[in-house]
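Along the sequence shown, residues carry numbers from 1.
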Amino acid sequence: INEVFRRRLDVLNSERLRRLAEVQSNQGHCLEDVLGAFVEPALAVAQDDAGGAGFVRVLARAYAEHNEQLRKFLHDNYGPTLRQFILAFGNLLPHLDKQELYWRLDIVSGALTYAMADFGMIKRRGTTEQQHRELSSSHLIKFAAAGLRAT
């Protein structure tokens, strides 16, 4: 199971870090830019025709079932990526203490997992997969930014 996760998550996190570095190289970057680097690659994995949707459902189920071995694997292998994002978010959200930032990012990650698994209740007719992913990304980034900025 770890190798199934590694196969997808190595690619995902490499792309996230590449995008984060690109965003941070721009002096005027904002919260939405960092959220884009976090959200957009994940939604792309979910839309991958080679089993992306199935992978996301397995990932969501693993978290829902509190599989401690898998959580440890994910923490050990992908925690450093998450910590880089936490630093980037923390720099843009100095009004949040560390505990509050972690709570809010946990909620953002849950919403992202929900969007990745395409569990949405509202059916979106007349959109291509690409349009659907772009709309999901746009709405999630706006929603997450508002929640992260809230006082």
Side-chain angles (χ1 to χ4, degrees), residues 1-93 96 98-120 124 127-148:
I1 291 175
N2 290 355
E3 290 309 311
V4 169
F5 281 89
R6 188 183 313 276
R7 185 175 139 244
R8 297 279 181 172
L9 295 177
D10 283 359
V11 172
L12 168 59
N13 284 296
S14 291
E15 180 61 12
R16 278 178 161 168
L17 291 174
R18 185 194 70 72
R19 296 268 312 267
L20 181 61
E22 183 179 297
V23 163
Q24 290 179 319
S25 71
N26 176 2
Q27 195 80 10
H29 71 278
C30 65
L31 181 59
E32 286 81 359
D33 297 329
V34 175
L35 280 165
F38 187 73
V39 166
E40 290 166 0
L43 290 175
V45 166
Q47 297 293 320
D48 179 6
D49 289 336
F55 166 74
V56 172
R57 284 188 165 82
V58 170
L59 179 63
R61 185 170 181 171
Y63 273 107
E65 292 179 356
H66 300 286
N67 181 322
E68 291 306 317
Q69 288 178 318
L70 182 57
R71 284 179 181 226
K72 180 176 176 2
F73 168 79
L74 294 171
H75 176 269
D76 292 348
N77 289 280
Y78 305 106
T81 299
L82 186 55
R83 284 189 286 282
Q84 287 191 43
F85 275 94
I86 288 168
L87 278 171
F89 287 126
N91 289 335
L92 293 167
L93 301 161
L96 298 178
K98 190 174 183 178
Q99 185 174 0
E100 185 63 25
L101 179 62
Y102 279 34
W103 271 109
R104 292 184 192 197
L105 289 176
D106 199 33
I107 293 166
V108 169
S109 294
L112 175 57
T113 302
Y114 186 85
M116 288 170 68
D118 199 23
F119 291 140
R124 295 135 188 113
T127 61
T128 66
E129 290 291 320
Q130 178 69 26
Q131 290 169 324
H132 178 73
R133 184 172 68 225
E134 289 170 6
L135 287 170
S136 295
S137 176
S138 173
H139 286 287
L140 181 56
I141 289 168
K142 287 177 193 173
F143 181 81
L148 288 168

Engineer: Output all residues satisfying salt bridge (charged side-chain N to carboxylate O under 4.0 Å, His left out) with R8, sequence neighbours left out; order by chain, then residue number.
Structural biologist: D48
Engineer: Output all residues satisfying salt bridge (charged side-chain N to carboxylate O under 4.0 Å, His left out) with D106, sequence neighbours left out; order by chain, then residue number.
Structural biologist: none
Engineer: Dump the intermediate steps for side-chain contact (heavy atoms from CB on, under 4.5 Å) on V4 and V58, then the final yes or no.
Structural biologist: CA-CA 10 Å; V4 169; V58 170; 5.9 Å; no
Engineer: Which heavy atom of G36 sits nearest to which heavy atom of R19, and what is that distance?
Structural biologist: O-NH2, 3.5 Å
Engineer: Return yes when atom CD1 of I1 has more than 12 non-hydrogen atoms of other residues, nucleotides or ligands closer than 6.0 Å, and no otherwise.
Structural biologist: no
Engineer: With sequence neighbours excluded, tell me which residues meet side chain to side chain contact (heavy atoms under 4.5 Å, CB included) with D33.
Structural biologist: V23, H29, C30
Engineer: Any donor-acceptor pair under 3.5 Å linking the side chain of S138 with the backbone of E134?
Structural biologist: no
Engineer: For R6, check salt bridge (charged side-chain N to carboxylate O under 4.0 Å, His left out) against everything at least two apart and list the hits.
Structural biologist: E3
Engineer: Where do R7 and A50 come nearest, in terms of heavy atoms and distance?
Structural biologist: NH2-O, 4.4 Å
Engineer: If you take all heavy atoms of E40 and S137, which pair is closest and at what distance?
Structural biologist: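 Closest pair (atom of E40, atom of S137, distance): CG-OG, 3.0 Å.
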Engineer: Quick one: list whatever passes side chain to side chain contact (heavy atoms under 4.5 Å, CB included) with S109, sequence neighbours left out.
Structural biologist: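 If we apply the side chain to side chain contact (heavy atoms under 4.5 Å, CB included) test to S109, skipping adjacent residues, the hits are F38.
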Engineer: Who pairs with E100 by salt bridge (charged side-chain N to carboxylate O under 4.0 Å, His left out), at least two apart in sequence or on another chain?
Structural biologist: R104
Engineer: Set out, in order, the CA-CA distance, both residues' side-chain angles and the distance that settles side-chain contact (heavy atoms from CB on, under 4.5 Å) for F143 and V108, then state yes or no.
Structural biologist: CA-CA 9 Å; F143 181 81; V108 169; over 6 Å; no
Engineer: Any salt bridge linking E68 with K72? Criterion: basic side-chain nitrogen under 4.0 Å from a carboxylate oxygen.
Structural biologist: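 Here E68 does not pair with K72 in a salt bridge, since their nearest N and O are not under 4.0 Å apart.
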Engineer: Minimum heavy-atom separation for D10 to Y78, with atom names?
Structural biologist: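 Minimum heavy-atom separation between D10 and Y78: OD1-OH, 2.6 Å.
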Engineer: Take L93 and L101 through the side-chain contact (heavy atoms from CB on, under 4.5 Å) test and state the conclusion after the steps.
Structural biologist: CA-CA 8 Å; L93 301 161; L101 179 62; 4.0 Å; yes
Engineer: Quick one, V11 with V45, criterion side-chain contact (heavy atoms from CB on, under 4.5 Å). Give me CA distance, side-chain angles, the key distance, then yes/no.
Structural biologist: CA-CA 9 Å; V11 172; V45 166; 5.6 Å; no
Engineer: Which atom pair, heavy atoms only, marks the closest approach of L20 to A37?
Structural biologist: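 Nearest pair, atom of L20 first, then A37: N-CB, 3.7 Å.
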Engineer: Of the non-hydrogen atoms in P80 and H75, which two are nearest, and what is the gap between them?
Structural biologist: CD-O, 4.2 Å
